[in-house]
Amino acid sequence: MMPYFHHVSLLTRARQTNVDFYTQLLGLRFVKNTVNQDNHKMLHYYYGDYAGSPGSVVTFFVVPHLGQRYDEDHYLATIGFNLPQASLAFWEARLKDADITYTKEQQTLTFFDADGVKLSLTETTLPPLTPELATQHTTIPPEKQIIGLRSTEFHVVDPELTKDFFAKLLAWPTIGDTLQLSAHEFLKILPSGSRKKSRMGRGSMDHVALAVKDDDALTALYQKAQAQGWEIEKMVSRGYFKSLYIREPGGNRVEFATMAPGFTLDEPLAHLGESFALPPFLASQRAEIEKNLYVVDEV
């Protein structure tokens, strides 16, 4: 079954700390080391299951000397992950061993990364990852590994406008503050409680990306969004997938991304993330891009 989530993308200041947290503590695979295609000075890191499957991926733009974020009138927040059945005790022990402060509520553990990103791990009734999707670099047993994305939150001045966006464009109803995408995937649409202007910074979520079957479905969605008068930013090929970006009425960026072609476009599956990768349409600019990348020493 196709996931509803494709990926979420955030900002980090400390490159190596970020890599260690998501690959060593959480056990995700570093599936792509590439560049921000809208700012070629900025590295873009992707983490996910072994194949970097849509629905498993978290990405970070690396911005040295990035300042504090201010979550005010509109912002996206929280990365929720699904865990397989009978795995919560393992993860609670793992967080304790790593001296990670966490809270536990029913089947969910909540904690923060070094940039102040709120994360949650929820044990579900889902089976573990299949052998071909389980990561291989970690000591986390395959039957305990993170399955993929579960949830995130939209914080907006007027939640009803954001709910209306999803209802009209996608025919997705919101019950209370929850937009239930599937049995194990959902969005929260919450009042921000502020009219001050938000400012992006460490740990800010730039966008949430929702999965679309293919190019034809994405084109149809673009045409529908255009006809309904939503704020379309652009439709563009990222190489690894094709994307449509829309600002929902609350001001947050929503991406719709195709399931294919995927991260083996420029690297073989066995060696994902091992080199500085560029999709074919950027390959001719490699020397210039590498020359102008931000210096990413730890701060």
Side-chain angles (χ1 to χ4, degrees), residues 1-10 54-58 71-83 105-108 110 117-126 147-198 200 204-213 217-218 220-233 235 243-259:
M1 181 183 294
M2 191 177 90
Y4 280 82
F5 284 112
H6 193 283
H7 66 271
V8 292
S9 291
L10 304 94
S56 76
V57 175
V58 176
D71 293 335
E72 296 288 354
D73 61 340
H74 71 278
Y75 59 97
L76 300 163
T78 308
I79 308 172
F81 290 108
N82 283 317
L83 296 178
E105 185 175 352
Q106 297 181 335
Q107 296 300 101
T108 298
T110 302
V117 177
K118 185 179 180 180
L119 301 108
S120 65
L121 302 175
T122 300
E123 182 181 309
T124 68
T125 57
L126 291 167
I147 296 171
L149 294 168
R150 175 178 179 82
S151 63
T152 193
E153 299 170 353
F154 284 69
H155 295 257
V156 292
V157 171
D158 188 346
E160 294 306 315
L161 294 178
T162 299
K163 293 175 186 178
D164 187 58
F165 165 77
F166 285 110
K168 287 183 176 175
L169 182 61
L170 299 164
W172 292 352
T174 303
I175 307 300
D177 61 11
T178 304
L179 199 170
Q180 196 74 42
L181 302 170
S182 71
H184 299 287
E185 297 168 282
F186 63 89
L187 301 173
K188 286 284 188 180
I189 303 175
L190 305 167
S192 58
S194 174
R195 291 187 178 271
K196 295 180 182 178
K197 187 176 181 180
S198 292
M200 302 285 278
S204 288
M205 188 178 292
D206 183 78
H207 61 269
V208 55
L210 301 166
V212 175
K213 182 180 178 181
L218 192 69
L221 187 63
Y222 170 80
Q223 292 170 345
K224 186 176 182 181
Q226 195 173 44
Q228 291 182 350
W230 301 115
E231 185 182 344
I232 298 171
E233 292 187 325
M235 187 159 71
S243 298
L244 168 64
Y245 295 88
I246 300 177
R247 287 277 179 181
E248 54 87 13
N252 295 302
R253 177 178 289 123
V254 183
E255 176 183 354
F256 298 92
T258 58
M259 294 289 289

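Ring to ring, Phe81 and Phe5 are not that close: their centroids are 6.0 angstrom or more apart.
Proximity of Leu83 to Ile147: side-chain heavy atoms (C-beta onward) are nowhere separated by under 4.5 Å. Taking 4.5 Å as the limit, some side-chain heavy atom of Thr124 sits within range of a side-chain heavy atom of Arg150. Using a 4.5 Å cut-off on side-chain heavy atoms (C-beta onward), Leu179 and Leu181 make contact. Contact check for Leu221 versus Leu169: side-chain heavy atoms found under the 4.5 Å cut-off. For the pair Ile246/Phe165, a side-chain contact is recorded, criterion being any heavy-atom separation below 4.5 Å from C-beta on. Contact of the Thr174 side chain with the Phe186 side chain is not registered, since no non-hydrogen atoms from C-beta on lie closer than 4.5 Å. Considering only heavy atoms from C-beta on, Val57 stays 4.5 Å or farther from Val8 through its side chain. The shortest distance between side-chain heavy atoms of Lys118 and Thr110 falls below 4.5 Å.
Across Leu190 and Pro159, no two heavy atoms sit closer than the pair C-CG, 3.9 Å. Heavy-atom minimum distance, Thr78 versus Thr152: O-OG1, 2.7 Å. Residues His207 and Leu76 share a closest heavy-atom pair of CA-CD1, 3.6 Å. Pairing each heavy atom of Pro54 with each of Pro3, the nearest pair is O-CG, 3.3 Å. When every heavy atom of Ala171 is checked against every heavy atom of Pro173, the shortest pair comes out as O-CD, 3.4 Å.
Residues Ser194 and Glu72 have side chains that bring a donor and an acceptor to within less than 3.5 angstrom of each other. For the residue pair Thr178 / Lys188, a side-chain donor-acceptor distance below 3.5 Å is found, with atom types taken as modelled.
Enclosure of atom CD in Gln228 by more than 12 non-hydrogen atoms of other residues, nucleotides or ligands within 6.0 angstrom is indicated. Remark: Tyr245 OH is packed, more than 12 non-hydrogen atoms of other residues, nucleotides or ligands lying under 6.0 Å away. The 12-atom threshold is not exceeded at NZ of Lys213, counting heavy atoms of other residues, nucleotides or ligands nearer than 6.0 Å.
Distance alone, capped at 3.5 Å, places no donor-acceptor pair between the Asn252 side chain and the Phe154 backbone. Counting only distance, with no hydrogens or angles, the side chain of Ser192 and the backbone of His155 share no donor-acceptor pair below 3.5 Å.
Separating the CD atom in Glu248 from the CH2 atom in Trp230 is a distance of 9.0 Å, to the nearest 0.5 Å. Note that CG of Asp177 and CD of Glu153 are 9.0 Å apart. Values are rounded to the nearest 0.5 Å. Atoms CG and OG1, from Leu119 and Thr108 in turn, are 12.5 Å apart once rounded to the nearest 0.5 Å. Within the model, atoms CG of Asn82 and NE2 of His184 stand 6.5 Å from one another, a figure rounded to the nearest 0.5 Å. Atoms CD1 and NE2, from Ile79 and His7 in turn, are 11.5 Å apart once rounded to the nearest 0.5 Å. The line from NE2 of His74 to OG1 of Thr162 is 10.5 Å long, rounded to the nearest 0.5 Å.
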> Between Glu185 and Leu149, is a side-chain contact (heavy atoms from CB on, under 4.5 Å) present by the stated rule, with each step listed?
Replying inline: CA-CA 7 Å; Glu185 297 168 282; Leu149 294 168; 6.0 Å; no

> Yes or no on salt bridge (charged side-chain N to carboxylate O under 4.0 Å, His left out) for Glu233 and Arg247, after CA distance, side-chain angles and deciding distance?
Replying inline: CA-CA 7 Å; Glu233 292 187 325; Arg247 287 277 179 181; 2.7 Å; yes

> Passes side chain to side chain donor-acceptor pair (under 3.5 Å), Glu255 versus Ser243? Steps please.
Replying inline: CA-CA 6 Å; Glu255 176 183 354; Ser243 298; 2.5 Å; yes

> For Val117 and Leu10, what are the C-alpha separation, side-chain angles and deciding distance, and is it a side-chain contact (heavy atoms from CB on, under 4.5 Å)?
Replying inline: CA-CA 9 Å; Val117 177; Leu10 304 94; 3.8 Å; yes

> So Arg253 and Asp206, salt bridge (charged side-chain N to carboxylate O under 4.0 Å, His left out) or not? Walk me through it.
Replying inline: CA-CA 7 Å; Arg253 177 178 289 123; Asp206 183 78; 3.0 Å; yes

>> Is there a side-chain contact (heavy atoms from CB on, under 4.5 Å) between Ile189 and Lys163? Walk through the geometry before answering.
In response: CA-CA 7 Å; Ile189 303 175; Lys163 293 175 186 178; 3.9 Å; yes

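Between Trp172 and Tyr4, the ring planes lie perpendicular to each other; the angle is over 60°, past the 30° to 60° tilted range.
Annotation: side chain to side chain contact (heavy atoms under 4.5 Å, CB included) contacts of Lys197 (sequence neighbours excluded): none.
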